Amino acid sequence: MTADCFAENLLKWYDQHGRHDLPWHHNRTAYRVWVSEIMLQQTQVATVIPYYQAFMVRFPDVQSLAEAPTDDVLSHWSGLGYYARARNLQKAARTVMEDFGGTFPAAQEELETLTGIGRSTAAAIVAQAYNKRAAILDGNVKRVLARYHAVPGWPGQASVQKQLWVHAEAHTPNERVRDYTQGIMDLGALVCTRTRPACEDCPLKKGCTAYARGEATLYPGSKPKKTKPEKTTWMVILEDRDGRILLERRPPSGIWGGLWSLPELDPAYGADELQDACERSLGVDCTEPELIDGFRHTFSHYHLHIQPARLNVTRQNTVKDDAHQKWLHRHEALALGLPAPIRTLLTSPEQVSLL
DNA sequence: AATACGTGGCA
DNA sequence: TTGCCAAGTAT
């Protein structure tokens, strides 16, 4: 334990002010902790909670997750984002069943071999589920440590991250690792916040270098700003006489991988070429295409200009697939992996159909 | 090492 | 309206 009582002060604060009643705090099995950690990657607690609850009802253990249809897993993830997490989650569940005899590995080293589990997530599972010593370094911890030690630079930079890992390891105590781990995340989320940190309420202010300098908000260093690339694409709204809209399954990797969306066409096509392109690449027979408004959707790394076009389909080779149909109806437009502006164009689940 | 991967909240 | 970013990992 370091002489400045970092962990002790943090634990004392955690007992009084920390979060002790989140859904994954109850019945803390490795499986439940694992699912929560994956959902919480780059995603805020408030967003995760309802997804976590529903997920646990449908997939209460590793076996049920491993045996489920992937569509079922994806649909429970739909709206949460970063869908590779869901695909990796199930892949890892199947690995646990096949290679680990259905028992979740308890060693950080072994956990890291499972896809979707990196160093920090493996450590979080070890600490949360088994109360075994392991250092985590998520966004909250990075912020706390960057301020406490006045570590300059942007944590996305490998050299900066490396220093933060050293500090994370050094502060992690041998006792009460579970509470410590939850506590330092809670501190980052509730006190040592990105903007307007509540330094006066912080149990670590005494040893905090940035606080001593009155420079808490200068840390961690901000991401170097780059001009976001702009991308343009076509999302085609194909509607038949019954008002049903065509969807297609997206490739397993890439944006909205494995989900259903409006057909996406090569942006190189001009508006005048859309009809031909649809008939050729989607195998449908369209009448006059009519361009709807284009709009822009912003992702974290680029601006996506989406140019939806409406086309009337005169002939539709509908392949009935009850399982998929049911899936779409149950989860409505949210399940489609569409950016919000397009969702509004889908009037009701009953109008959604597959080709 | 740098980039791709979502969504919603907030200043 | 726009930019930033939140319990990161895979490639």
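By convention in this document, chain letters (A, B, ...) are assigned in the order of the sequence lines, proteins followed by strands, and residues within each chain are numbered from 1. For clarity, every value in this text was computed on a predicted model and none was experimentally measured. Every heavy atom of this structure was used, including side-chain atoms; hydrogens, water molecules and symmetry mates were not.
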For A:Leu218, the other hydrophobic cluster members (4.5 Å side-chain criterion, sorted by chain and number) are A:Tyr219
Show me the pairs that pass side-chain hydrogen bond (donor to acceptor under 3.5 Å, both in side chains) and involve residues 123-132 of chain A, at least two apart or across chains.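 Applying side-chain hydrogen bond (donor to acceptor under 3.5 Å, both in side chains) to every pair that reaches into residues 123-132 of chain A, excluding sequence neighbours, yields A:Arg28-A:Gln128.
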If you look only at distance, which donor and acceptor atoms sit under 3.5 Å apart when one is on a side chain in residues 230-237 of chain A and the other is two or more places apart or in another chain?
from, atom 1, to, atom 2, distance (Å)
A:Glu230, OE1, A:His305, NE2, 2.9
A:Thr233, OG1, A:Glu264, OE2, 2.7
A:Trp234, NE1, A:Tyr269, O, 2.8

- prompt: C:dG3 phosphate, OP1 or OP2: any side-chain N/O from A:His303 under 4.0 angstrom?
  reply: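 Yes, because at least one side-chain N or O of A:His303 sits under 4.0 Å from OP1 or OP2 of C:dG3.
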Exercise. Regarding A:Gln161 and A:Gln157, is there a side-chain donor-to-acceptor distance under 3.5 Å anywhere?
Worked result: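 No.
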Between CE of A:Met39 and C1' of B:dG8 the distance, given in whole Å, is 16 Å
If you measure from the [atom1] atom in [N] to the same atom in [M], how many Å do you get, rounded?
N: B:dT3; M: C:dC4; atom1: P; result: 15 Å
N: C:dT9; M: B:dG9; atom1: C1'; result: 23 Å
N: C:dA7; M: B:dA4; atom1: P; result: 23 Å

In short, salt bridge (charged side-chain N to carboxylate O under 4.0 Å, His left out) pairs touching residues 134-145 of chain A with sequence neighbours left out are none
Taking for A:Leu80 and for A:Thr195 the nucleotide of DNA chain B with the nearest heavy atom, the one nearer the 5' end belongs to A:Leu80
Give every donor-acceptor pair under 3.5 Å between a side-chain atom in residues 103-112 of chain A and any protein atom, sequence neighbours left out.
from, atom 1, to, atom 2, distance (Å)
A:Gln108, NE2, A:Glu112, OE2, 3.3
A:Gln108, NE2, A:Arg119, O, 3.4

Each nucleotide of nucleotides 4-11 of chain C classed B (base within 4.0 Å of a protein heavy atom), S (only sugar-phosphate) or -, in 5' to 3' order, makes SSBBBSS-
